[in-house]
Amino acid sequence: IWNMSLIILTFSLSIFGTFLTRSGIISSVHAFATSNIGPWFGTFLLIVFFGSLTLLILRLDTLKSDGRLEALLSRESTFVFNNMVLVGIALTVLLLTTFPMLSELVTDRKVTMGPPIFNLVNIPWALVLLLLTGTGPLIAWRKASRENLRRNFVFPVMCGLWVLVLVSILDFSNIAAGFRGFAAALGSLDVARAFEEMRGIYPAVTFGLGAFVIGTVTLEFYRGVRVRIRRNGESVAVATGRLLWRSKRRYGGYIVHVGVVVIFFGIAGSSAYKTEAVQTLLPGQSMSIDGYDVRYHNSSLEAVDDHLGAVTWIAVTQDGEDLGLIRAEQRFHPNLVFPELRTAFLHAKAARSEGREAYQQAVARVYPVIQNLEGRAGREVKIPSTEVGIRASMNPFRISRFGEDLYVTPLWVDPATGQANFRVFVNPMVNFIWLGGLILVFGAHLSVLPDARERKSLLAAIDEEERAVA
């Protein structure tokens, strides 16, 4: 019953999300999303949800499972808790997404729900999910004994505690501020602010729980490899390879767990420890941020395809080492409905073949046309966009910078003088998100590879069942 309920809920919510955007109730980030197909999606959603619910109720006796949870501390219980956390996250997102509509319907006032409220509510859920990721593989089926818990959890818990203590020492100021804010918020009975103040504590908890999960996976691999070495006299490399190949589903799942942990590390590091600076520079001037020296080298103008571009080149050095140039661009997509703007833009594009200086001057003349038109029309006649310059640091010999990204965004560029206003971010560990995704995909693919032994067992079971029926 539980599994079928999850299937019905998952499919219904996917259709509901499509209904919200296609009906125009919620503005989508995609310009093509609004259409008159919303009522059809709504009707289909009602048929699917209530039809499936009716069939589920009619077949309750057939779908009931004979299995029962024998103990709270068992692997079956962790699966149930894991499902409950995921359902809780889904329902939280559903509530926060639909709350502005319900508020407007009842009070005639629209309330905006931005990213902070989603993070405030879902981060604790995510940490519980990470804890269950490490707990599930170690707890025995049916009922865990005290000896089982001691034998399986001592090493992973110690790994988690050591990392938690280490990160707390390195990030003591933020954690102390988080605890002080949390205590003050609880003292004033402000629960929402108390959760908000926990932001300084979440990174250390995330790294500690991640180390706990990696400890569980390491322990499982160690035990499996040790058994093969003792039984077959294999080397560590051969034993590990054969262990993975013979138990693809189990150990592929453990690799997926490691991928999830690495993704959590990337999210925690890039969210909690990022550095940002905004500064206006002329060509030749520089700024410093988190050990990087960012020097504005030069700029150029271009008219390409459907846009005007102010291209900036930024030279980056770190600890005296030249890291090369970053290209970042501010773009304007002009509205070519206006004849004079269309003429100026097409002339600028055609001037590309007349030499660099003539081309730059032709492109620069388009900007005053845009300003004059906006002054007369009282609205924008172009759509701005930005091409961010990124410098990824994936050098394994620079451990403190591994996985880090330097983002450079030109907020505006003066086409006449080249003066530009830059927003620069340093995002530590952000590439761990991509690395964790690759690890997760590898583990998932390993888990679904065909297994000859499982196929033989399945064929034998089918053959035995056929003989029994005959």
Side-chain angles (χ1 to χ4, degrees), residues 29-30 115 119 203 206 259-333 382-415 418-442:
V29 295
H30 302 290
N119 295 335
T206 301
V260 171
V261 169
V262 174
I263 291 173
F264 269 77
F265 284 171
I267 294 172
S270 60
S271 301
Y273 304 123
K274 70 177 180 181
T275 310
E276 176 184 354
V278 179
Q279 192 167 332
T280 301
L281 302 174
L282 284 167
Q285 293 182 334
S286 63
M287 60 183 292
S288 297
I289 176 173
D290 196 20
Y292 289 95
D293 185 67
V294 179
R295 184 170 61 86
Y296 182 16
H297 192 265
N298 60 19
S299 66
S300 61
L301 303 176
E302 61 180 23
V304 183
D305 298 330
D306 65 339
H307 67 270
L308 298 169
V311 180
T312 61
W313 292 95
I314 299 96
V316 181
T317 59
Q318 182 187 57
D319 301 328
E321 180 183 354
D322 184 11
L323 301 181
L325 292 174
I326 293 179
R327 183 185 189 275
E329 181 180 357
Q330 184 197 47
R331 291 181 176 180
F332 287 157
H333 301 262
K382 89 282 186 185
I383 300 175
S385 65
T386 303
E387 292 295 309
V388 179
I390 302 177
R391 173 59 170 76
S393 177
M394 298 299 291
N395 187 346
F397 298 104
R398 287 179 172 266
I399 299 299
S400 63
R401 297 287 185 176
F402 182 73
E404 183 175 87
D405 268 357
L406 174 70
Y407 289 7
V408 180
T409 306
L411 300 179
W412 57 262
V413 181
D414 187 334
Q419 187 181 41
N421 183 250
F422 293 102
R423 173 177 284 146
V424 182
F425 294 94
V426 177
N427 290 324
M429 302 181 69
V430 70
N431 286 295
F432 277 58
I433 298 174
W434 301 103
L435 180 61
L438 292 176
I439 296 172
L440 189 151
V441 169
F442 171 73

Gap separating the CG atom of Leu282 from the CG atom of Asn298, nearest 0.5 angstrom: 13.0 Å

Enclosure of Ile383 CD1 (heavy-atom neighbours >12, cutoff 6.0 Å): no

Distance-minimising heavy-atom pair for Trp412 and Asp414: CE3-N, 3.9 Å

From Gln330 atom CD to Thr312 atom OG1, the distance as rounded to the nearest 0.5 Å: 9.0 Å

Closest heavy-atom pair and its distance - Leu411, Val278: CD1-CG1, 4.1 Å

Using a 3.5 Å cut-off and no angle test, enumerate the donor-acceptor pairs between side-chain atoms of residues 419-439 and protein atoms at least two apart in sequence or in another chain.
| unit_1 | atom_1 | unit_2 | atom_2 | d |
| --- | --- | --- | --- | --- |
| Asn421 | ND2 | Thr280 | OG1 | 2.8 |
| Arg423 | NE | Glu276 | OE2 | 3.0 |
| Asn431 | ND2 | Gly403 | O | 3.2 |
| Asn431 | ND2 | Asp405 | OD1 | 2.8 |

Minimum side-chain heavy-atom gap Tyr292-Glu404 below 4.5 Å: yes

Leu308 CG to Lys382 NZ distance, which is reported to the nearest 0.5 Å: 10.5 Å

Side-chain touch Pro410/Thr386, heavy atoms, less than 4.5 angstrom: yes

Which residues share a side-chain contact (heavy atoms from CB on, under 4.5 Å) with Ser288, sequence neighbours left out: Asp293

Smallest separation among heavy atoms of Ala268 and Thr206, with atom names: CB-CG2, 3.9 Å

side-chain contact (heavy atoms from CB on, under 4.5 Å) assessment of Arg401 paired with Gln318: CA-CA 11 Å; Arg401 297 287 185 176; Gln318 182 187 57; 3.0 Å; yes

Side-chain donor/acceptor of Tyr296 to backbone N/O of Gly418, under 3.5 Å: yes

Stepwise side-chain contact (heavy atoms from CB on, under 4.5 Å) test for Glu329 and His307: CA-CA 11 Å; Glu329 181 180 357; His307 67 270; 3.7 Å; yes

Option from Asp290, Leu323, Ile326 for which side-chain contact (heavy atoms from CB on, under 4.5 Å) with Leu406 holds: Ile326

Rounded distance (nearest 0.5 Å) linking atom OG of Ser286 with atom CD1 of Ile314: 12.5 Å

Nearest-0.5 Å distance that lies between atom CZ in Arg331 and atom CD in Glu302: 7.0 Å

